[in-house]
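Below is one structure, written out as structure tokens; the observations come after it.
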Amino acid sequence: MERRPLGKTGLQVSALGFGAGHVGGSELSESEAAALLHGVLDAGINLIDTAPGYGASEERIGRHLRGRRSEYVLSTKCGYGVPGVEDWTPECITRGVDQALSRLHTDVLDVVHFHSCPLEVLQRPGLVEALVRAVEAGKVRAAAYSGDNASLEYAIGTGAFAAVQTSVNLFDQRAIDRGVAWAQGRGMGVIAKRPLGNAPWRFAERPEAHDLGEYWNRMRALSLDTRGMDWSDVALRFAAHVPGVSTCIVGTRRLENLRRNLRAWEEGPLPSDFVEAIRDAFRRNDTGWDGMI
Ligand SMILES: NC(=O)c1ccc[n+]([C@@H]2O[C@H](COP(=O)([O-])OP(=O)(O)OC[C@H]3O[C@@H](n4cnc5c(N)ncnc54)[C@H](OP(=O)(O)O)[C@@H]3O)[C@@H](O)[C@H]2O)c1
């Protein structure tokens, strides 16, 4: 799998990464989670993205992949979830990094994101500095921001972050000409989250979950012609080849879907007239379709 620089962080990431959001759920047994995580690395994927909010995801990665730590770039998030400490305070950032080091059984975290805090939180005195201090202390290689819209654009402008993570998919193109392009222009790494748009084509009726339901609505409004290809292949090939995207982190519980996504990646970018049709459909239907956090 192709490796790309994650901006100027010095980290090299596989073009297809793994979003471990589903790894921490009880629907996967411990042995299934272990098999999935090992399968990710065995497939040549070297970026794993997790967060303290993803159930047992951090613990499971630490437990099952500690012996293979040199084989992957480890990305997590912070800002909340430290017992006894108020969320989104400098102390929560500092202790959150230490908590992640311990859960993930590692001496250094490659990328640590602020996990989608709103703009006013991002502007709190001392917050960004706490993450920068963790970088200076050698606990974190790259400080990053995960989020969308105005807060993403503010984060890019601070100059404090080496990478960003933001939604990029068929149904969520707001960041492509803005945050993604601006981050690329500043030499920052860009991690595309939700690259399949949570795969709404799997549902005949609008799903209840807010994000999936919104993407389902957008999919219907766009009424894209997939040109005889499977939706998942179109979605993957679109997101993975957006200019400026360093890696796209598909989330899956199934190795068969992971392998399918790898095969789609190997097909290369979609034809340029297809990409233009997808971009054009979004522009024509965009009724305030902001990035999904
Ligand atoms: N605010 C944030 O920071 C934030 C927010 C959202 C996501 N993220 C990150 O981005 C990662 C990915 O996002 P996501 O999981 O929400 O969205 P996604 O990757 O766009 O979609 C994941 C969904 O697509 C399905 N899927 C995967 N491959 C498929 C295929 N080939 N065919 C059909 N369905 C397929 C998965 O189901 P199966 O399990 O059945 O394969 C899963 O339900 C997360 O794990 C997380 O790391 C971050």
Side-chain angles (χ1 to χ4, degrees), residues 13 16-25 27-28 32-33 36-37 39-40 43 45 47-55 57-58 60-61 73-81 111-118 121-122 144-149 151-152 155 161 163-172 175 179 190-203 207 209-216 218-219 226 229-240 242 245 247-267 290-293:
V13 291
L16 201 55
F18 179 66
H22 303 284
V23 165
E27 65 278 11
L28 282 187
E32 287 168 335
L36 179 61
L37 289 166
V40 166
I45 290 173
L47 174 75
I48 298 182
D49 179 69
T50 182
Y54 299 162
S57 178
E58 286 191 328
R60 284 178 161 178
I61 293 166
V73 172
L74 178 53
S75 161
T76 191
K77 311 196 182 80
C78 69
Y80 58 89
V111 187
V112 175
H113 300 81
F114 279 168
H115 198 168
S116 301
C117 58
V121 170
L122 194 48
Y145 177 74
S146 180
D148 302 84
N149 310 315
S151 49
L152 169 74
F161 300 103
V164 288
Q165 179 174 148
T166 195
S167 295
V168 178
N169 61 62
L170 295 173
F171 321 114
D172 203 334
V190 177
I191 299 173
K193 64 181 165 81
R194 303 181 185 271
L196 301 187
N198 303 102
W201 54 85
R202 295 173 294 173
F203 303 93
H210 166 71
D211 48 1
L212 193 44
E214 172 64 19
Y215 282 154
W216 190 88
R218 294 185 188 183
M219 177 186 69
T226 60
M229 294 168 57
D230 283 333
W231 271 105
S232 63
D233 296 355
V234 175
L236 192 281
R237 291 172 66 186
F238 175 77
V242 164
V245 165
T247 180
C248 73
I249 48 170
V250 187
T252 181
R253 300 171 191 83
R254 296 170 218 273
L255 274 175
E256 76 234 39
N257 278 349
L258 185 95
R259 294 193 187 106
R260 160 146 216 144
N261 297 332
L262 279 165
R263 285 197 299 275
W265 159 256
E266 281 161 8
E267 294 293 312
D290 276 346
M292 187 73 64
I293 296 163

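Computed over heavy atoms, backbone and side chain alike; hydrogens, waters and symmetry mates excluded. In each ligand, atom 1 is the first atom listed, and ligand 1 is the first ligand listed.
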Within the 4.0 Å heavy-atom cut-off around ligand 1, the contacting residues, ordered by chain and number, are G19, A20, G21, H22, D49, Y54, K77, H115, S116, S146, Q165, K193, R194, P195, L196, G197, N198, A199, R202, S232, I249, V250, G251, T252, R253, R254, N257, R260, N261, I293

Using 30° and 60° as the class boundaries, would you call the ring planes of F161 and F114 parallel, tilted or perpendicular?
perpendicular

Aromatic ring pairing Y80/H115, orientation class (parallel under 30°, perpendicular over 60°, tilted between):
tilted

Residues in side chain to side chain donor-acceptor pair (under 3.5 Å) with [X], at least two apart?
X    : value
T247 : none
E256 : none
R194 : N198, D211

Reported SG-to-CG distance for the pair C248 and L16, which is rounded to 0.5 angstrom
5.0 Å

